[in-house]
Amino acid sequence: MQERYDPQAIEAKWQKFWADTRCFAAVTGAEKPKCFPMIEFPYPSGQGLHVGHPRPFTAMDVIARKRRLEGYNVLYPIGYDAFGLPTENYAIKTGIHPAKVTHDNIIRFRSQLQRLGYSFDYSREVNTSDPDYYKWTQWIFLKFFEQGLAYKAEIPINFCTSCKVGLANEEVVDGVCERCGGEVVRMVRSQWMLKITAYAQRLIDDLDTVDYLEKIKAQQVNWIGRSEGALVNFLIKDADEKLTVFTTRPDTLFGATYMVVSPEHPLIEQYHDRIANMAEVHAYQKAAAIKSDFERSELAKDKTGVPLVGICAINPVNGKEIPVWTSDYVLTGYGTGAIMAVPAHDERDYAFAKAFSLPIVEVVAGGDIEKEAYTDCAHGKMVNSGFLDGMDVDKAIPAIIDWLVKEGIGERKVNFKLRDWVFSRQRYWGEPIPLVYCETCGWVPIPYDQLPLELPMLDDFSPTDDGSSCLARAKDWLHTTCPKCSRSATREADTMPNWAGSSWYFLRYTDAHNDKEFASREALDYWTPVDWYNGGMEHTTLHLLYSRFWHKFLFDLGLVLTSEPYMKRTSHGMVLGSNGEKMSKSRGNVVNPDDYIPTYGADSFRTYIMFMGAFDQPIPWNELGTRGCRRFLDRVWALQDMVNGTGDTDAEMKKKVHAAIKKVGEDYERMKFNTAIAAMMALTNDFYAKGTLTKDELHTLTVLLSPVAPHISEEINEALGFSPLMEQPWPVYDESALVEDAVEYGIQVNGKVRARITLSLSLDTKAVEEAALSCEEVKPHLEGKTVRKIIVVKNIINIVVG
RNA sequence: GCGACCGUGGUGGAACGGCAUACACAACGGACUUAAAAUCCGUCGGGGAAACCUUAAGGGUUCAAAUCCCUUCGGUCGCACCA
């Protein structure tokens, strides 16, 4: 008689065993085929792990553990994305240094993770805020700088007028500061940018080479937002100046009845002495500048704008003079910051033209421009368009572009929504940007052998009055000498965004302690690319895109060996609070796994987090489910008392076991963890129904269960006399054991199920049909009717009568 | 507004176009117990007298639809005037 299932004792025992034997430490260069599954490394927040973390962690642990049993050399790493706002805000409040807070939080996270029994290779742990790590983040940044892909630009930031601090977009809620509710304004600052737009086309094209979920690919493609069109130059009347616009509809050029520039467009200042209503224009610019993004979008319906009186443009196709306006519906950051307005065929232009009584000229027939803009460009013929008249739109577009090119007033142009990455943050807790500014030499990189450029130790982390980070007050650190000319120079006081360290961390895992390179060629060659990367949908357009960009850049320099970092990308649904809302501290619905492990054990917790629902769907937490999974493991444990020593089995049970091997293996691969566990529960129920099972049958169940519930599986496996699970092979199902000799058919009449019969598979179709027709429950439904057709498919017989 | 995904019992959820509700949770009944917990064994979507009807609602395709198509309603996520 086995003792009661005691998860606390068993889990401590096996966690110690795994640590002592270092059996999850991956060996670079081993002969076995490699496998590199990865999760998104966590931000070590002060709240510790909540129940959302273990969902992806357990899922990929299942994959990692299964791969080991399948004979792979597995690298399943863990690390900490440790720079970030919450830690800095905590430091501002308490005066405790962020490095100390981070250090303590990591210790807590690590112990929580270890109690969940993950097969991480802790010897390769990385911490992005460790100078030994961010040395290489800085090193890669300098490569961008050398290649001309890091540059300075004047970019507005969100600035809280009350906290006196620059805010990230996500800290601006409903137009006010998330923390103090203070007014947020835009403030223009000179910031470092990374030229991700140079990789826009490749970031789209190379998606064909990777195995990402379709929705992830679609989101990236939409975010990058490629559109084809043309640049067209309009002349400004009485000036030797062109106003260039981007348009995707050059075919509608004859319908351009006015132009609009964004309020920030340089044309306005350039011609300020010719603009008769400059005071009005200035007032409009000012109003636009203090509008937050939120307000701009809220006011989307009502178009506002001011004409630039005295400025007039000439439509190059027909020589007509058209007015120029300014309006904030034209964005500085997209295209050229100026548009030609074709109100007849663009909804926004239409609304604007209606609001200010501007002329509307139809150039594509097919709509009713009295009522609304006709924007369908797939159909319709050109009208009022000179030499384009009568052409279909799809013919007119290349025709007008050819003409524009020939006349020297335009060119073909591909445009992207994607914008360059603002890489500066006015924050303390981030990687220092390793550049100094010298009056003589300009921006000069710190020599590579002087990296890392470490953050200075400070006591006060609050920002300065002008929105710079507290680094601007660290005068001793800030003032330095120019590496080039040795004159006095100033360090960059901005730091990198927290996306920097996570853009390349997977490379560091391959060789985490290398102090000569970010990773050795040998380690990269052996381990990269990441075979399977699971993460949240919310990172699809930022982290995932950024890291693909960095990787391609490193690939172009010959520093990594593949053009894509991740071969496969999947994503998990969020774990919601038990009230169905997103878990957050402010809602007070955060659930911590530590609350469940003492009562139920890590294995029960892991099983439930995988069983609770479809992996890719969001799901509310429900404590009672853990109890059900504990009950299941108790039943598995008690199977030990039912093992029949003689080891005889029967064909019936063999079929069930092999069906389970097939189902569980396939479901793990498809991330259908809930149905895999259901299949193991069903098999366990089958053993109970029979009342006995063989040693091998129980062994097979423990191996199947081990990726989800590794501790109990190891314990039972050991008790049965097998060597540790690391040395066990993943079971292979026997196709012949699955072959059925009889099948239960559902008999339908006109698609409605009327009966069920079990028939031998050896019967031919004719015999099956006859058996169905002669079935007692079927006969009444056939009375007085003619059998038209009988369809026999798989386990369905459909009798069509009429 | 645009895009993606989704809508199945009291609850979480199963279901290559092929027997809807697997597997759990909760509830209820029984056994065991002085009793309770635990455990074990059962019952368990709703409506209808019945034939039957029922996968958000309505239509379509098909021998056959939760699954494919169209319309409507509701929800979640992402993006917000992208010329």
K.L.:
Could you tell me how far apart D616(A) (CG) and U76(B) (P) are, to the nearest whole angstrom?
P.N.:
18 Å
K.L.:
How many Å lie between CE on M537(A) and P on G78(B), as a whole number?
P.N.:
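One finds 10 Å between P of G78(B) and CE of M537(A), rounded.
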K.L.:
What's N795(A) touching, base or sugar-phosphate or nothing? Going by heavy atoms closer than 4.0 Å.
P.N.:
base
K.L.:
Rounded to whole Å, how long is the line connecting atom CD of E623(A) with atom P of A24(B)?
P.N.:
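After rounding, the gap between these two atoms is 20 Å.
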K.L.:
Could you state the NZ-P distance from K215(A) to G3(B), rounded to the nearest angstrom?
P.N.:
18 Å
K.L.:
Would a line drawn from the ring center of W223(A) to the ring center of F416(A) be shorter than 6.0 Å?
P.N.:
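Centroid separation for W223(A) and F416(A): 6.0 Å or greater.
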K.L.:
If I pick the P atom on A26(B) and the same atom on G12(B), what distance separates them, to the nearest angstrom?
P.N.:
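Straight-line distance between the two P atoms is 15 Å.
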K.L.:
Whole Å only: how far is the CD1 atom of I796(A) from the C1' atom of A15(B)?
P.N.:
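Those two atoms, CD1 and C1', are 13 Å apart.
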K.L.:
Check every atom of C82(B), C52(B), G78(B) against the side chain of L331(A) and return the nucleotide holding the closest atom.
P.N.:
C82(B)
K.L.:
For V317(A) and I400(A), run side-chain contact (heavy atoms from CB on, under 4.5 Å): C-alpha distance rounded to whole Å, both residues' side-chain angles, the deciding distance at 0.1 Å, then the answer.
P.N.:
CA-CA 10 Å; V317(A) 284; I400(A) 185 79; 4.0 Å; yes
K.L.:
If you measure from the C1' atom in A65(B) to the same atom in C19(B), how many Å do you get, rounded?
P.N.:
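Taking atom C1' in both A65(B) and C19(B), they lie 14 Å apart.
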K.L.:
Base, sugar-phosphate, or nothing for G225(A), non-hydrogen atoms under 4.0 angstrom?
P.N.:
nothing
K.L.:
Atom NE2 of H539(A) and atom P of G78(B): how far apart are they, to the nearest Å?
P.N.:
12 Å
K.L.:
Please check if any side-chain donor atom of Q748(A) sits under 3.5 Å from a side-chain acceptor atom of R754(A), or the reverse.
P.N.:
no
K.L.:
Would F611(A) and F673(A) count as a close aromatic pair, with their ring centres under 6.0 Å?
P.N.:
no
K.L.:
Whole-Å distance between A4(B) C1' and Q617(A) CD?
P.N.:
12 Å
K.L.:
With rounding to whole Å, what would you report as the distance between U11(B) and C79(B) at their P atoms?
P.N.:
32 Å
K.L.:
Does OP1 or OP2 of C19(B) have a side-chain N or O of N798(A) closer than 4.0 Å?
P.N.:
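No.
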K.L.:
Can you confirm if the aromatic rings of Y608(A) and Y600(A) lie within a centre distance of less than 6.0 Å?
P.N.:
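Ring centroids of Y600(A) and Y608(A) are no less than 6.0 Å from each other.
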K.L.:
How does RNA chain B look in dot-bracket form if you count Watson-Crick and G-U pairs under 3.5 Å, write [ ] for pairs that cross, and put | where a base pairs with another strand?
P.N.:
(((((((..(((.....[....))).(((((.......))))).(((....))).(((((..]....))))))))))))....
K.L.:
So R226(A), base contact, sugar-phosphate only, or nothing? Heavy-atom distance under 4.0 Å.
P.N.:
nothing
K.L.:
Between M340(A) (CE) and A83(B) (C1'), how many Å, whole number?
P.N.:
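Result: 8 Å.
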K.L.:
Pick base, sugar-phosphate or nothing for A638(A), based on heavy-atom distances below 4.0 Å to the nucleic acid.
P.N.:
nothing
K.L.:
For G9(B), is chi within 90° of 0 (syn) or not (anti)?
P.N.:
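Here G9(B) takes the syn form, which means its glycosidic angle is within 90° of 0.
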K.L.:
Can you sort out which residues in residues 603-613 of chain A have a heavy atom within less than 4.0 Å of RNA chain B? Ascending by number, please.
P.N.:
F611(A), M612(A)
K.L.:
Taking the side chain of I619(A) as heavy atoms from C-beta outward, which of C23(B), G12(B), A14(B) is closest to it?
P.N.:
G12(B)
K.L.:
Do the side-chain N and O atoms of D616(A) and H572(A) include a donor-acceptor pair separated by under 3.5 angstrom?
P.N.:
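No.
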K.L.:
Between C52(B) and C44(B), how far apart are the C1' atoms? Round to whole Å, please.
P.N.:
22 Å
K.L.:
Considering only the C1' atoms, how many Å lie between C6(B) and U67(B), rounded to the nearest integer?
P.N.:
13 Å
K.L.:
Would you state whether a donor and an acceptor, one from the side chain of K752(A) and one from the base of C52(B), lie under 3.5 Å apart?
P.N.:
no
K.L.:
If you compare every side-chain N and O of T248(A) against the phosphate oxygens of C82(B) (OP1, OP2), does one of them come in below 4.0 Å?
P.N.:
no
K.L.:
For U71(B) versus C25(B), give the span between their P atoms, rounded off to a whole number of Å.
P.N.:
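The same atom, P, in both gives a distance of 42 Å.
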K.L.:
Assign E214(A) to base, sugar-phosphate, or nothing according to its heavy-atom contacts below 4.0 angstrom with the strands shown.
P.N.:
nothing
K.L.:
Identify all pairs in which a protein N or O lies below 3.5 Å from an N or O of nucleotides 38-48 of chain B, and state each distance.
P.N.:
unit_1: C40(B); atom_1: OP1; unit_2: R635(A); atom_2: NH1; d: 2.9

K.L.:
Has N415(A) got a side-chain N or O lying under 4.0 Å from the OP1 or OP2 atom of A83(B)?
P.N.:
no
K.L.:
For R226(A) and N415(A), test the side chains for any donor-to-acceptor distance below 3.5 angstrom and give the result as yes or no.
P.N.:
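The answer is no; no qualifying pair exists.
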K.L.:
For A80(B) versus C68(B), give the span between their P atoms, rounded off to a whole number of Å.
P.N.:
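It comes out at 30 Å once rounded to the nearest Å.
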K.L.:
For the residue pair Y668(A) and P707(A), what are the closest heavy atoms and their distance?
P.N.:
CE1-CG, 3.9 Å
K.L.:
Examine W421(A) together with Y199(A) and report whether their ring centres are nearer than 6.0 Å.
P.N.:
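No - the distance between ring centres of W421(A) and Y199(A) does not fall below the 6.0 Å cut-off.
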K.L.:
Apply the test side-chain contact (heavy atoms from CB on, under 4.5 Å) to residues I397(A) and T248(A): give CA-CA distance (whole Å), side-chain angles for both, the deciding distance (0.1 Å), then the verdict.
P.N.:
CA-CA 9 Å; I397(A) 291 173; T248(A) 54; over 6 Å; no
K.L.:
In whole Å, what separates the C1' atom of G60(B) from that of G46(B)?
P.N.:
27 Å
